[in-house]
Amino acid sequence: MFSLDSLRNAFTSNIVRSATKANIPPPKADDASGPPINLMRGWPNPALLPAELIRAAANEALSDTAVVTDGLLYGPDPGYEPCREAIAKWLTDFYRTQGATPITASRICVTGGASQNLGCMLGVFTDPAYTRNIWIVAPAYMLAFRIFEDAGFADNMKAVPEDDEGVNLAVLRRGLEESENEGRRNGADRPMYKPDRKRAKVYKHVLYCVPTFSNPSSRTMSLEHRTELVKIAREYDMLLVADDVYDFLQWPTDMSTDGPLDAEMQVAHLPRLVDIDRDLEGGAERKDADGFGNACANGSFSKIVGPGVRVGWVEGTEKFAYAVSQAGTTASGGAPSQLTSTYLTTLLASGNLTTHINTTLRPGYAARYRVLYSAMTQHLLPLGFKLPQTDRKIFGGYFVWLSLPAKLSAEVLARRCRDEVGVIVAPGGIFEVPGNEKVMFDGFVRLCFAWEEEVRLEEGVKRIGEVAKKMLEGVEESVRESHADDVEGSQLNAFK
Ligand SMILES: Cc1ncc(COP(=O)(O)O)c(C=O)c1O
């Protein structure tokens, strides 16, 4: 007999694979019919990829003998030094309101992207026997689950639900307290598989989140909750891993702003967890702290350049960045993505990436968001769909998260949208943390506005509205109660 979890996993990988990895052709700008409208795929819009800029940066790098030699040899463990410096300066410019101290290259380790680096950090900083739990702010980026499983945490992933300020801190505290009590009951610290390594440490807890323009929920964590979270992390020997991959894509929610985007949008609107951890009460240098810090920013060029470049960075304390760089795979293979990081260096140092973000990506994604928003206002909100955090002045990222009108099942809606009107949406259930039946999301869907062109976004939302309307009128049994008995079978069948 299959367990619900194993079925859920099969279902999840099925739908995720079919909607994110299958060879669905790229969208055409003026085609509202054609292939299925894919509002699930969280990829950058092909028309917004900076192909010309990459070509120029690559040419420049490849025609400089010293650079190309560095690029083609093993990279230094923390990454190509000019790239670390360029990233540090670029981050300082963007996060500059959050403190006068510039971000130094010594705080940066170049990575192969946020996913690769998450795996790498779990290898360095966790131990499946000693590290109690991976706390995951939920709904969560579903492809992270397997990375935690691979690191030995399949049975220790704990969902922490979001609230209107981004994370329910009371639930987190309660869970941490229970875990401490259990530890006390079971005696002293648990053994570790890993030997004592001076270059690294093992944290007792890890919390994974996307604090800004979250995937999938589009929520942004408030400053108060960020600060409190850092305090909690310090109290419980917890590492906060923040996938800060959407921060640069922000725009005002004021729909009248059609012209050039305000200069304010060129600076981050909130400090990251890593900024707070650096500045709060003496940072990682405060008395009795071990210097590794309690937060890191797991950054990526995937959403602002292209995932194919496979370059990202992680920022943390100097000790933390050094520890990441000393992972066995890096010590053996050198910095990941060494050659492409020489291209990225030119792209950053020339200012071309900043210009591309300011003049192409922000206006491009803002325009798509506005089209989607106005279509939702016309076709979905009147049916009872709802958005979270509606009072925000700044929105960003790739996604919107909608709660469904009473009793509709997202899984049924997603299946029917796909089968009846050729629209692919992500049902909330795939963002549930495996093994956490109390934190469920079948009453939600995620829509991505990045991949498809504007005309298809509008058409896609209109079609979702048609299906939802039929379901609400009770044309067929579609309410969650009736669906509940059959949940296992439909999970397998829904998205083959
Ligand atoms: C929150 C989050 N983290 C990580 C990734 C993947 O990042 P990368 O391509 O750098 O591995 C994504 C991509 O969708 C994401 O949304």
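Start at 1 and go down the list; that is how both ligands and their atoms are numbered.
D237 pairs in a side-chain hydrogen bond (donor to acceptor under 3.5 Å, both in side chains) with only one of the listed residues (K204, H205, K201), which is K201. No option in Y373, Y369, W401 other than Y369 meets the ring pair (Phe, Tyr, Trp, His ring centres under 6.0 Å) test with F395.
To the nearest 0.5 Å, the span separating CG on D391 from CG on D164 amounts to 7.0 Å.
Atoms of ligand 1 lying under 4.0 Å from at least one heavy atom of N215, given by number and element, are 14 (O), 15 (C), 16 (O). Taking every heavy atom of D243 and a limit of under 4.0 angstrom, the matching atoms of ligand 1 come to 1 (C), 2 (C), 3 (N), 4 (C). Heavy-atom contacts of V210 reach the following atoms of ligand 1: 1 (C) (cutoff under 4.0 Å). Atoms of ligand 1 found under 4.0 Å from any heavy atom of A114, numbered from 1 in the order shown, are 4 (C), 7 (O), 8 (P), 10 (O), 11 (O). Proximity to S115 (heavy-atom distance under 4.0 Å) selects the following atoms of ligand 1: 6 (C), 7 (O), 8 (P), 11 (O). Listed by atom number, the atoms of ligand 1 under 4.0 Å from S300 heavy atoms are 8 (P), 10 (O).
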Would R370 and E454 satisfy salt bridge (charged side-chain N to carboxylate O under 4.0 Å, His left out), going step by step from the backbone distance to the final call?
CA-CA 9 Å; R370 287 183 186 131; E454 291 172 26; over 6 Å; no
Take R392 and T220 through the test side-chain hydrogen bond (donor to acceptor under 3.5 Å, both in side chains) and record every step on the way to the result.
CA-CA 9 Å; R392 286 154 68 183; T220 290; 3.1 Å; yes
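Ranking protein heavy atoms by distance to atom 14 (O) of ligand 1, first place goes to K303 NZ, 2.7 Å. The nearest protein atom to atom 15 (C) of ligand 1, hydrogens excluded, is given as Y246 OH, 3.6 Å; this is a heavy-atom distance.
By the neighbour-count criterion of 12 heavy atoms within 6.0 Å, atom CD of E228 is densely surrounded, having more than that number from other residues, nucleotides or ligands. Counting heavy-atom neighbours within 6.0 Å of K319 NZ, excluding the residue itself, gives a total above 12.
Heavy atoms of Y398 found under 4.0 angstrom from ligand 1: none, in either backbone or side chain. With a 4.0 Å cut-off on non-hydrogen atoms, S302 touches ligand 1 through its side chain and not its backbone.
Put simply, no part of W43 is less than 4.0 Å from ligand 1, judged by heavy atoms.
Taking any N or O of Q116, backbone or side chain, none lies under 3.5 Å from an N or O belonging to ligand 1.
Taking the ring centroids of F125 and Y203, they lie under the 6.0 Å cut-off.
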